[in-house]
Structures are given as C-alpha cells and as structure tokens.
Amino acid sequence: MLMEVLSVLPLRPGAAVVDGTLGLAGHAREMAKRIAPGGWILGLDWDEEMLKEAGSRLEGIEGVETTLRKADYRELPEVLSQEAALRHRAAQADAILLDFGLNSAQIDDPNRGISFREDGPLDMRMDRSKGESASSLLNRLSPIEIERILEEYGDENWAKRIAQVIVDRRKNKPLRTTQDLVDCVLAAVPPSMREKRIHPATRTFQAVRIAVNHELDDLQETIESIANMLAPDGVLCVLSYHSGEDRAAKRAMRDLAKIGFDEIIKKPLVPTPEELAVNPKSRSAKLRAIRRQSIS
Ligand SMILES: C[S@@+](CC[C@H](N)C(=O)[O-])C[C@H]1O[C@@H](n2cnc3c(N)ncnc32)[C@H](O)[C@@H]1O
C-alpha cells in the first residue's frame with residue numbers, strides 16, 4: 001500500500017521522517033526522495049541483516065540525511081530524542097510509518113526457522129542477538145500455555161491437540177527443527193485438513209513467531225507513545241497484517257482522538273484489486289492513520 005502511505009504522510013522538502021520498521025527500505029526510499037532537499041530520515045529495524053540491506057538501498061539519494069539504528073520500535077521515542085539531540089533538531093517527526101510484521105526475505109531464509117516450507121533450526125527470533133528461540137519456548141511451556149498461544153495468536157482450531165502432541169513428543173526428543181514442528185501439527189490435525197489450500201501448519205507457525213518476538217505485547221501503548229513524537233500536523237501511518245495488530249492500532253487511535261489527534265482514515269484502507277493481483281501477500285493489510293492537531 002505504498003501509494004496510499006505516500007499520499008497520507010506530509011512529505012515535503014526538509015521534513016523529518018521516521019520509519020520504525022525499515023525492512024528492505026521500499027517505503028523509506030520513496031519517502032526519502034520526497035523530503036529532499038534538507039530532509040532527515042531515521043530508520044529502525046531490530047534485524048541487523050535488514051538494516052544492512054536497507055542501508056545500501058538508501059545510498060545515493062541526494063539532499064537527505066539518513067540515520068539507521070538497530071532497535072525495537074518500542075524504543076523509538078528514546079532513539080528519536082537521542083538522534084535529534086545530536087543534530088540540534090526538535091525530537092519530533094513530521095511523518096512516522098509502522099509497517100508491522102516481516103518481509104519475504106526473512107520468511108524465505110531457512111536459517112531463521114520462520115517458514116514451514118523449508119527445514120531449518122526452529123528459531124523464529126527476528127533479533128537473533130537476544131530472547132528465547134521457538135524451540136526453547138516450545139520445549140519449556142506447559143500444554144495449556146502452548147494451547148493459549150496457538151489460539152490467541154493463530155486462531156488455531158486444533159490448538160489443544162497440537163499442544164498435546166508437542167508435549168508428548170518432546171518427552172522423547174526435544175523439538176529442534178521446523179520439520180519437527182510441522183510433524184507435530186500434521187500428527188494432530190485430522191487428515192482432511194492436509195488437503196486444504198492453506199497448509200495446516202500456517203497458523204501454528206504464525207502464532208509461535210508472534211509469541212517468540214512478543215509482537216503484540218504492549219502494542220497499543222507503544223503506538224500511543226510513538227504518536228506523541230509527532231510534530232504539530234505530523235502523521236503516523238500504521239500498516240497491520242494480523243487482527244491483534246489492527247485491534248491495537250484501532251484502540252490507540254480512538255484514545256488519541258480524544259487528546260489532540262484526528263483520525264484521518266476512519267475506516268482502515270485495504271489493498272485495491274490491482275495491488276492484490278501484483279502482490280497477493282498484501283491481502284491481510286490494513287492501513288490506519290492519525291494526525292496531530294496543529295497548535296492554534
Ligand atoms: C513488513 S516489513 C517492512 C517493509 C518495509 N516497509 C519496506 O518497504 O521494505 C517489517 C519490518 O519490520 C521489522 N520489525 C518488526 N517488528 C519490529 C520491531 N518491534 N522493532 C523493529 N523492527 C521491527 C522486521 O524486521 C521487518 O524488517
């Protein structure tokens with residue numbers, strides 16, 4: 001939903017822009033071009049490899065200062081304050097983008113263990129320098145805790161059975177690989193599920209990834225504190241792909257609308273049929289945006 005994001009954000013020469021989820025800099029490149037000359041773009045990602053790749057993709061855009069930091073967007077208020085102070089700028093942004101989730105490069109890398117399509121270590125951490133891997137989590141939690149993760153983050157109908165198979169199997173052999181987890185799911189779901197268009201392990205993998213990375217923890221509060229870093233007339237765009245993310249964005253924006261912000265997209269925008277034809281993976285995307293009122 002690149003065009004929608006670009007049309008909603010106030011991108012003008014000299015603007016200060018924050019991309020809290022830089023990824024491969026697809027949005028950041030286009031935003032950067034629109035704030036030259038004199039603009040500043042601060043990009044965050046918690047994945048070292050994304051930052052490296054984004055850095056090379058942002059090279060060569062004239063008239064814009066680029067700052068990239070390896071950080072969780074939950075730290076965005078502190079990072080923006082620190083980086084702005086170094087530049088004698090106000091710790092405020094004219095435009096902020098949060099494009100949640102992960103990109104195909106991360107999903108397709110078997111070493112990360114995010115996808116059930118390739119066998120690899122059952123890791124799933126986006127920042128592999130810290131935190132607990134998926135295998136450690138699934139080998140440690142109680143069946144009830146695993147069931148709750150699968151239900152809450154994956155809406156998985158067979159959560160109880162999958163959790164039980166995981167716990168039974170790990171007694172003999174702890175889960176180590178993505179294939180171990182796929183095998184647990186296949187053993188737990190009825191055979192008819194295996195013929196469905198969507199792979200039976202899809203929801204389990206999504207749910208475990210969300211739990212491993214704490215993707216939904218404190219999300220509403222985080223969005224609210226990030227919106228408070230906007231300059232007057234500044235806009236925050238939030239692109240979500242999971243019902244839990246969109247719920248947090250919706251609640252945050254409703255609360256912010258009571259304290260000096262205007263929701264500028266009342267009903268979330270979804271991809272057009274044209275975008276879906278080119279990029280079917282965008283099918284669950286929802287875009288919301290909020291603007292800080294100007295000081296009168
Ligand atoms: C959907 S991709 C962003 C794609 C990007 N807008 C582009 O055009 O290339 C999401 C990115 O956000 C990063 N990410 C997800 N959660 C994060 C968090 N809590 N803090 C920092 N980065 C995060 C992921 O590592 C991934 O690179």
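Note that ligands are numbered from 1 as they come in the structure, with each ligand's atoms numbered from 1 the same way. Please read these numbers as outputs of a predicted model, since none were measured by experiment. We number each residue from 1, following the sequence as shown.
Within a 6.0 Å radius of CZ in R87, other residues, nucleotides and ligands contribute more than 12 heavy atoms.
A donor-acceptor contact closer than 3.5 angstrom is absent between the side chains of S133 and D123. Between the side chains of E118 and S115, no donor-acceptor pair is found at a separation under 3.5 Å.
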N or O contacts of ligand 1 with protein under 3.5 Å, please list pair by pair.
unit_1: ligand 1; atom_1: 6 (N); unit_2: H27; atom_2: ND1; d: 2.9
unit_1: ligand 1; atom_1: 6 (N); unit_2: D99; atom_2: OD2; d: 2.7
unit_1: ligand 1; atom_1: 8 (O); unit_2: G26; atom_2: N; d: 3.2
unit_1: ligand 1; atom_1: 8 (O); unit_2: H27; atom_2: N; d: 2.9
unit_1: ligand 1; atom_1: 8 (O); unit_2: H27; atom_2: ND1; d: 3.0
unit_1: ligand 1; atom_1: 9 (O); unit_2: L24; atom_2: N; d: 3.1
unit_1: ligand 1; atom_1: 9 (O); unit_2: A25; atom_2: N; d: 3.3
unit_1: ligand 1; atom_1: 9 (O); unit_2: G26; atom_2: N; d: 3.1
unit_1: ligand 1; atom_1: 14 (N); unit_2: W46; atom_2: NE1; d: 3.4
unit_1: ligand 1; atom_1: 19 (N); unit_2: D72; atom_2: OD1; d: 3.0
unit_1: ligand 1; atom_1: 20 (N); unit_2: Y73; atom_2: N; d: 2.9
unit_1: ligand 1; atom_1: 22 (N); unit_2: W46; atom_2: N; d: 3.3
unit_1: ligand 1; atom_1: 25 (O); unit_2: D45; atom_2: OD1; d: 2.7
unit_1: ligand 1; atom_1: 25 (O); unit_2: W46; atom_2: NE1; d: 3.4
unit_1: ligand 1; atom_1: 25 (O); unit_2: Q106; atom_2: NE2; d: 2.8
unit_1: ligand 1; atom_1: 27 (O); unit_2: D45; atom_2: OD2; d: 2.6

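With respect to L230, the side-chain contact (heavy atoms from CB on, under 4.5 Å) criterion is satisfied by exactly one of Q92, R292, R291: R292.
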Taking distance alone, no hydrogens or angles, what donor-acceptor pairs closer than 3.5 Å link side-chain atoms of residues 10-27 to residues at least two apart or in another chain?
unit_1: D19; atom_1: OD1; unit_2: T21; atom_2: N; d: 3.0
unit_1: T21; atom_1: OG1; unit_2: D99; atom_2: N; d: 2.7
unit_1: T21; atom_1: OG1; unit_2: D99; atom_2: O; d: 3.1

Legend entry - Pair R288-D246, salt bridge (Lys or Arg N to Asp or Glu O under 4.0 Å): steps then yes or no: CA-CA 8 Å; R288 294 182 184 271; D246 186 55; 2.7 Å; yes
